[in-house]
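As the structure is a prediction and not an experimental result, all values here were calculated from the model. Scope of the values below: all heavy atoms of this structure, side chains included, with no hydrogens, waters or symmetry mates. Lettering follows sequence order; numbering is per chain, from 1.
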Amino acid sequence: EWSAGKTVKPPDQLELTEAELKEEFTRVLTANNPHAPQNIVRYNFKERAYKPISHIDQTAIHFSLNGNLILKDSDEGRRQSLRSGNASEKAPVETSAEASEGSGVKDEGSTEDTQAAEGAETAKAAEAAEEEEPPPTKEKERKLANQFNFIERSSRTINNPLRERASQSEPTPCKNFSGNANQWVIYDAYIEEVQKMEKSKEKEKPKAQTAKKEEKGKKLTSLESQSDDITKISNAAKIVERMVNQNTFDDIAQDFKYFEDASDEYRDHRGTLLPLWKFQYDKTKRLSVTAISWNPKYKDLFAVGYGSYDFMKQSQGMLVLYTMKNPSFPEYVFSSESGIMCLDIHDDHPHLMAVGFYDGNVAIYNLKKATSQPSYKSSGKSGKHTDPVWQVKWQKDDMDNNLNFFSVSSDGRIVSWTLVKNELVYTDIIKLPAEGTVMQGPEGLQLQTFGCGTSFDFHKKIDYLFLVGTEEGKIYKCSKCYSSQFLDVFEAHHMAVDSISWNPYHLKVFISCSSDWTVKIWDHTIKTPMFVYDLNAAVGDVAWSPYSSTVFAAVTTDGKAHVFDLNINKYEALCNQIVVAKKKNKITHIQFNPMYPIVIIGDERGQIVCLKLSPNLRKMPKEKKGQEVKKGPEVEIAKLEKLLSLVREP
Amino acid sequence: MADTGEGKKEEAEYKRLHSFPLIRHTDMPDEMRVEAMELCVTACEKYATNNESAAKMIKEMMDKKFGSSWHVVIGEGFGFEITHEVKNLLYMFFGGSLAVCVWKCS
């Protein structure tokens, strides 16, 4: 109940004394917000310290209301007015201090002081409101372009992705090197050098020593050039190959060396040929052996020429060298386009071989050179024969020390070839005329046909004398000095003379064989033959033995080899033996080995057979007791002379 | 005294006779070898008393002519073990008592 004059005291009022009640308290009213803090401190980054704020905001907000009033001229306002179809009454006209995103800063600025917080909040609301509303129509709207209202447009090209690549060049090759440079090393080196220089000065004078140096130099260079591994072991491989062959053919080698047919004693002078090695080579299977020759220096090496006697079947030719030490593979092989018909090995230069071809060319092969081509070859321009070359023979070096050889061919020319300065130069020695064949050609020309030479042989002692056998069966005795005349003519055979050979001991005797089945022995001073042998088949080749003047061997096309010894039996062969395996195989050539008692026989199938002569075939004249056995060529000559004298007419 | 005097004479004689450049080991190509050898001889004769200057001259000339980087050792008594680029080594004696080793290695 409220009654005047009576003060109502609440129950928990302070009990104060009178003095305290009369105390005056002054109270000041300011505009300051009593709730605002008075000592706000902010961190100042510049001074790196906390600093009190100078002016503290005293505003106290009592009421806030979010409004939705927009300035009429602002973007949003215009958009709305457009949307509402220019109904300006409805558009919010009231200029309330509302800020859009980038305009109306001035307006906002004026009310910022009083209602800063409110403005911020309302600005946010306006933004939100703007965002909610869809964008206005484009064409009619003219965009303001100032520095505050711009449209960014950007694009970006596609960049290829980057890739790292790294490489490093090869480091330069390096080597280590070490040495010691002491006074004594230097001194020694100098002394050695001085000695070398003095020696080289001395060596310049005597010739023999320079030759030695050259050899040493050559050895060094050859060693240096042998960089190929295969060539280094080629020598060793060759030796091993030969050893293997020796082991394989051991029994043959033993026979060759030691076997002497004991049964010869019971055979009453007849002998046999013991077959030893067979030499054949794949590539020569289709070719026939056309020439054989033993190497004069290396007694185990022989050369075989391959070609074809058949006129229709002409193919390539080969020159193959075999050694008895290696029967399974040849030592050297040379191939040529045309079949080889004859060959001869030079006596002084055993590495040079002269070869005659079926196409009329001649060539010289050099064994020392590694090529398979001839060193020198004749050609169409340089005077080759027009028919096959049947025989070639080396001669002694001529006056200019040039090598030269002779060749005889079916075109009737005997040509001497000289090796002058790496070229083959030819000289016609003789043209063989055929008798009675001076024909009358057209326009009154006198044509002379030539006879065909098929074989020749030079006398061992008389240099200029030689014999030529022809296809008609005549043998001409010729001299190198006379080019158109013969010294003599022998009516030797009825068919072509296949081979002629002077006796190695007796200076007057020679032997000839022919396809007319006969072998004839002649004395060149007498027109008729001394001995005639009919062998029942065409005789391919005949050869004197090197150890006796009375022994010779002949081979026939029926595959037989016949060995005769005039000393023992003047009329019959001591040995008739079939030498080749197949019956249809014709034997083409035979040669005696100059040192060993063996012969080699070549046949039509490219095979070479080596046979050993049994003791009966190699008989030396029996020594009478107490008498000294004379050995040597004189004995041989005397032997043969005795025989001949029996046959000659008294 | 006489002996040492004679000894000195002999030494001088030896040096005079054997002062030609003697190549001990090299794997350089011909022209490079000849040029390098002549350069060494020139340098050693010019700086007969100072090995370092001689070596410096040789090294700089070789660098200019044949590319970097070259190393040169000149002396009368030393042992060495080096790694050098192939075909770029010259080891020679000169003047009866000097040994020169020139090699390239970068």
*Asks:* Under 3.5 Å, side chain of A/Gln183 to main-chain N/O of B/Ser97, donor-acceptor pair present?
*Replies:* yes

*Asks:* Tell me, for B/Leu22 versus chain A, whether the close heavy atoms (under 4.5 Å) come from the side chain, the backbone, both or neither.
*Replies:* both

*Asks:* Counting only heavy atoms not in A/Glu241, do more than 12 sit closer than 6.0 Å to its CD atom?
*Replies:* yes

*Asks:* Of all the heavy-atom pairs spanning A/Cys174 and B/Thr83, show the shortest one and how long it is.
*Replies:* CB-CG2, 3.6 Å

*Asks:* If you define the side chain from C-beta out and look only at heavy atoms, does anything of A/Phe177 sit under 4.5 Å from B/Tyr91?
*Replies:* yes

*Asks:* For B/Lys65, I'd like to know if atom NZ has over 12 heavy atoms of other residues, nucleotides or ligands within 6.0 Å.
*Replies:* yes

*Asks:* Count the heavy atoms of every other residue, nucleotide or ligand shown that sit under 6.0 Å from NZ of A/Lys299, and state whether that count exceeds 12.
*Replies:*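 Atom NZ in A/Lys299 is crowded, with more than 12 foreign heavy atoms closer than 6.0 Å.
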
*Asks:* Any idea which of A/Ala189, A/Pro173, A/Gly179 has the most non-hydrogen atom pairs under 4.5 angstrom with chain B?
*Replies:*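 So the answer, after comparing A/Ala189, A/Pro173, A/Gly179, is A/Gly179.
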
*Asks:* Counting only heavy atoms not in A/Tyr298 (residues, nucleotides, ligands), do more than 12 fall under 6.0 Å from its OH?
*Replies:* no

*Asks:* Could you have a look at B/Phe78, B/Phe80, B/Phe93 and say which one has the most heavy-atom pairs with chain A under 4.5 angstrom?
*Replies:* B/Phe80

*Asks:* Hey, does the side chain of A/Tyr190 reach the backbone of B/Phe20 with a donor-acceptor pair shorter than 3.5 angstrom?
*Replies:* yes

*Asks:* Just so I understand: if I count every heavy-atom pair under 4.5 Å between each of B/Lys87, B/His84, B/Glu85, B/Lys104 and chain A, which residue has the most?
*Replies:*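 Looking at each of B/Lys87, B/His84, B/Glu85, B/Lys104 in turn, B/His84 comes out on top.
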
*Asks:* Closest approach of A/Ser178 and B/Glu81, non-hydrogen atoms and distance?
*Replies:* CB-OE1, 3.3 Å

*Asks:* Do the non-hydrogen side-chain atoms of A/Lys175 and B/Asp27 ever get within less than 4.5 Å of each other?
*Replies:* yes

